[in-house]
Amino acid sequence: MSVVEKTETEAGRDFIRDIVAGDLAAGRHKSVVTRFPPEPNGYLHIGHAKSICLNFGIAQEFGGRCNLRFDDTNPTKEEQEYIDAIQADVRWLGFDWGNGLYYASDYFERLYGWAQDLIRASSAYVDDQSQDEMRAARGTLTEPGKNSPFRDRSIEENLDLFGRMRAGEFPNGARVLRAKIDMASGNINLRDPVLYRILHASHPRTGTQWTIYPSYDFAHGQSDAIEGVTHSICTLEFEDHRPLYDWFIESLSVPSRPHQYEFARLNLTYTVLSKRALNGLVRGGHVSGWDDPRMPTLAGLRRRGVPPEALRDFIKRIGVAKANSLVDLGVLEFSIREHLNKTAQRRMAVLRPLKVVIENYPEGKSEELEAVNHPDDASAGTRPVRFAREIFIERDDFMETPVKKFFRLSPGTEVRLRYAFFITCREVVKNAAGEVTELRCTYDPATRGGNAPDGRKVKATIHWVSAADSVPAEVRLYNPLFSKPEPDVANFATELNPKSLEVLADARLEPVLAGGNSPEPVQFERQGYFARDPDSKPGRLVFNRTVGLRDTWAKVSASG
RNA sequence: UGGGGCGUAGCCAAGUGGUAAGGCAGCGGAUUUUGAUUCCGCCAUCCCCUGGUUCGAAUCCAGGCGCCCCAGCCA
């Protein structure tokens with residue numbers, strides 16, 4: 001028996017799945033229902049991806065369902081743009097809510113009725129205190145609060161006032177509806193929390209139909225109950241709210257009995273994942289928008305070229321637990337590389353071109369050579385690449401005075417041009433400023449394809465493109481948006497990495513990359529994985545570097 | 001000095017009384033027409049600390065210490 005339980009591998013990958021599996025095994029639920037409940041006040045980021053994968057993942061694994069429910073209880077911050085973007089992002093990540101699309105605003109009328117029920121049970125009251133007065137009366141972390149002078153109004157008066165709040169008779173902030181719980185509770189959430197506040201604002205879905213809006217606490221659990229959510233999974237900061245969540249569920253005649261469980265939110269080195277900060281980056285013009293490829297938003301990651309499969313793998317790797325954690329960005333990069341290595345076809349692109357003239361190659365001649373599209377996947381086929389007398393190689397692949405262990409091109413040395421010939425550097429041409437502008441090389445016609453009949457070896461293989469046949473492109477390289485591993489969220493603007501974006505305006509690509517059937521994603525050999533940016537226009541290609549290849553040489557050269 | 005959580009390797013994270021999984025990073029080495037990939041090997045005598053219980057403790061008990069969250073009419 002225990003053997004059988006252990007073979008249900010997916011069932012026990014984290015404490016929440018353990019709970020779900022246990023509830024199902026014990027018959028407490030016939031099937032599991034979860035929900036992903038974003039507030040439409042910003043774009044989804046990689047932290048949300050953790051919650052999405054958890055909620056939708058559990059539903060999939062246990063044969064249940066997961067709703068997408070917008071927590072749209074604050075019209076002053078929420079917008080339709082976000083509602084649309086969130087749906088697109090969840091789909092892109094690879095999840096489907098079927099017909100389980102809901103809005104907390106769908107439940108406003110029922111919520112209102114439950115608030116009246118609470119008033120009738122003498123468990124809620126209308127408070128006329130000002131915000132400042134309420135704050136002062138709330139007490140502190142170590143001192144109890146004081147009861148509101150309006151706490152003992154009659155049921156009739158409360159019902160009347162609450163009705164008039166709804167009718168729009170009072171201005172914003174004039175009154176609130178509060179639960180009557182315990183102003184002396186050590187848990188501040190229980191010190192008569194606000195259930196409804198007056199907000200004369202237009203709501204993206206209900207328009208101006210309402211002038212009062214329920215608070216998160218009053219809306220969330222009941223929404224779960226309405227949808228039959230069995231496991232309401234949220235982040236650690238809501239742990240303190242669970243007693244309140246339960247208080248509402250137990251005080252009201254709701255249709256089901258959901259339970260809340262909390263897990264630690266994701267933190268990533270060199271990045272910031274607070275909506276406030278991300279909003280600030282966008283509003284402050286520090287990035288080009290929510291989908292700037294440097295942003296940790298799903299929209300940004302997508303534009304950067306990160307495949308959803310890699311994101312899901314990353315989330316799986318980091319696990320789910322209750323300890324606050326800061327995950328190394330390297331883990332994400334690993335997941336991206338691992339997926340792209342398998343799926344991306346290879347092409348050659350020279351990011352920082354250096355012209356090379358093959359002196360013994362006939363002028364006017366050119367020829368086609370065969371290049372494989374994927375070294376580990378023969379089914380990806382091959383493609384022709386055109387070779388000619390003038391080519392471009394990567395500036396970094398030449399060193400006039402090579403440092404030790406540098407075994408690419410330098411005066412007098414021979415290297416292999418990938419899929420082409422061995423070449424030897426004969427002469428370095430410089431301009432008046434002393435900068436290298438061109439290399440004069442010779443090639444060995446016998447090494448066509450890349451192997452020497454005499455068996456001689458070269459220590460390096462470098463990539464190249466034909467000068468005449470390659471196409472120009474802009475390539476954007478990205479580095480972390482922040483310069484510190486743990487940026488100070490409060491002062492994020494001062495900790496931005498000035499080198500987070502590097503634009504290479506004169507890259508040269510294999511011409512196939514300009515075509516309509518150019519592979520996507522693609523690996524530029526020896527450099528990294530790239531994705532075409534939507535800024536691309538006919539004749540003006542733009543590529544984003546999703547992530548570079550692992551670079552052992554960088555370590556070797558840095559260590560001297 | 002209130003309430004709620006959490007502390008296992010540089011970073012994540014299994015483990016729930018029987019003698020420390022796995023991943024990332026790192027370090028060696030092999031293969032290589034990408035200094036990539038792949039492949040092998042190494043990487044916690046010890047689980048925040050101190051006592052205690054037990055034949056046996058990361059796991060149980062007691063007392064400490066450290067970190068995070070809560071005083072929005074935000075979610």
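Order of the sequence lines sets the chain letters (A, B, ...), proteins ahead of strands, with each chain counted from 1. These numbers come from a predicted model, not from an experiment.
Cation-pi check for A/Arg418 over A/Trp464 is not met; the charged atom does not lie both under 6.0 angstrom from the ring centroid and within 45 degrees of its normal. A cation-pi arrangement is found for A/Arg175 relative to A/Phe170, the charged atom lying closer than 6.0 Å to the ring centre and inside a 45° cone about the ring normal. Taking the centre and axis of the six-membered ring of A/Tyr103, the NZ or CZ atom of A/Arg205 falls inside the cone set by 45° and 6.0 Å.
With B/rG2, B/rU34, B/rC12 as the choices, the nucleotide that has an atom nearest any side-chain atom of A/Glu525 turns out to be B/rU34. Nearest to the side chain of A/Thr461, among B/rA75, B/rC73, B/rU34, sits B/rU34. The side chain of A/Val176 sits closest to B/rC73 out of B/rC12, B/rA75, B/rC73. When the nucleotides B/rA14, B/rG35, B/rG7 are ranked by their closest atom to the side chain of A/Ala321, B/rA14 comes out on top. Closest approach to the A/Arg317 side chain among B/rG23, B/rG35, B/rC74 is made by B/rG23 (side chain taken as heavy atoms from C-beta onward). Taking only side-chain atoms of A/Leu549, from C-beta outward, the nucleotide of B/rG5, B/rA36, B/rC12 with the closest atom is B/rA36.
Between A/Tyr216 and A/Phe238, the angle of the ring planes lies from 30° to 60°, which puts this pair in the tilted group.
Residue A/Phe406 is in base contact, counting any heavy-atom pair closer than 4.0 Å across all strands shown. Across all strands shown, A/Gln131 has heavy atoms under 4.0 Å from base atoms, whether or not it also approaches the sugar-phosphate. In this structure, A/Ser185 reaches neither bases nor backbone, as no heavy-atom distance under 4.0 Å exists between it and the strands shown. A/Phe407 comes within 4.0 angstrom of a base, heavy atoms only. Across all strands shown, A/Pro243 has no heavy atoms under 4.0 Å from either base or sugar-phosphate atoms. Using a 4.0 Å heavy-atom distance criterion, A/Thr235 is classed as making no nucleic acid contact. A/Thr552 comes within 4.0 angstrom of the backbone, heavy atoms only, and of no base. Within the 4.0 angstrom heavy-atom criterion, no nucleotide atom of any strand lies near A/Lys275. The residue A/Glu239 sits close only to the backbone: its heavy atoms come under 4.0 Å of sugar-phosphate atoms, none of a base. A/Gln523 comes within contact range of at least one nucleobase, with a heavy-atom separation under 4.0 Å. Residue A/Asn41 is classed as having no contact, given no heavy-atom separation below 4.0 Å to the nucleic acid. If you check every strand for non-hydrogen atoms under 4.0 Å, A/Val458 touches nothing. If you check every strand for non-hydrogen atoms under 4.0 Å, A/Ile198 touches nothing. Note on A/Arg242: nothing from the nucleic acid sits closer than 4.0 angstrom, heavy atoms only.
For A/Tyr107 and A/Glu227, the side-chain atoms include at least one donor-acceptor pair closer than 3.5 Å. A/Asn341 and A/Arg337 form no side-chain donor-acceptor contact under 3.5 Å, judged by distance and modelled atom types alone. Using a 3.5 Å distance cut-off with no hydrogens or angles, the side chains of A/Asn74 and A/Thr76 do pair a donor with an acceptor.
The residue among A/Asn341 and A/Arg448 whose nearest nucleotide of RNA chain B lies closer to the 5′ end is A/Arg448. Both A/Pro37 and A/Phe15 sit near RNA chain B, but only A/Phe15 has its closest nucleotide nearer the 5' end.
Considering A/Arg35, A/His259, A/Glu262 in turn, A/Arg35 is the only one that fulfils the side-chain hydrogen bond (donor to acceptor under 3.5 Å, both in side chains) rule with A/Ser232. Each of A/Arg347, A/His463, A/Arg346 was evaluated against A/Glu510; a single residue qualifies, A/Arg347, per the side chain to side chain contact (heavy atoms under 4.5 Å, CB included) test.
If you check distances only, the side chain of A/Gln527 never reaches the base of B/rU34 with a donor-acceptor pair under 3.5 Å.
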Would you list the protein and nucleotides 25-28 of chain B atom pairs, both N or O, that sit under 3.5 Å from each other?
from   : atom 1 : to       : atom 2 : distance (Å)
B/rG26 : OP1    : A/Lys555 : NZ     : 2.6

With 3.5 Å as the limit, what N/O pairs link the protein to nucleotides 67-70 of chain B?
from   : atom 1 : to       : atom 2 : distance (Å)
B/rC68 : O2'    : A/Asn324 : ND2    : 3.3

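Remark: the separation of the P atoms in B/rC40 and B/rA25 is 16 Å, to the nearest Å. With P as the reference atom, B/rC27 and B/rG10 are 16 Å apart, rounded to whole Å.
Taking CG from A/Asp328 and CG from A/Leu268, the interatomic distance works out to 8.5 Å, rounded to the nearest 0.5 Å.
In this structure, A/Trp553 packs face-to-face on the six-membered ring of B/rG35, meeting both the 5.5 Å centre cutoff and the 30° plane limit.
With sequence neighbours excluded, the residues that form a side chain to side chain donor-acceptor pair (under 3.5 Å) with A/Asn55 are A/Ser51.
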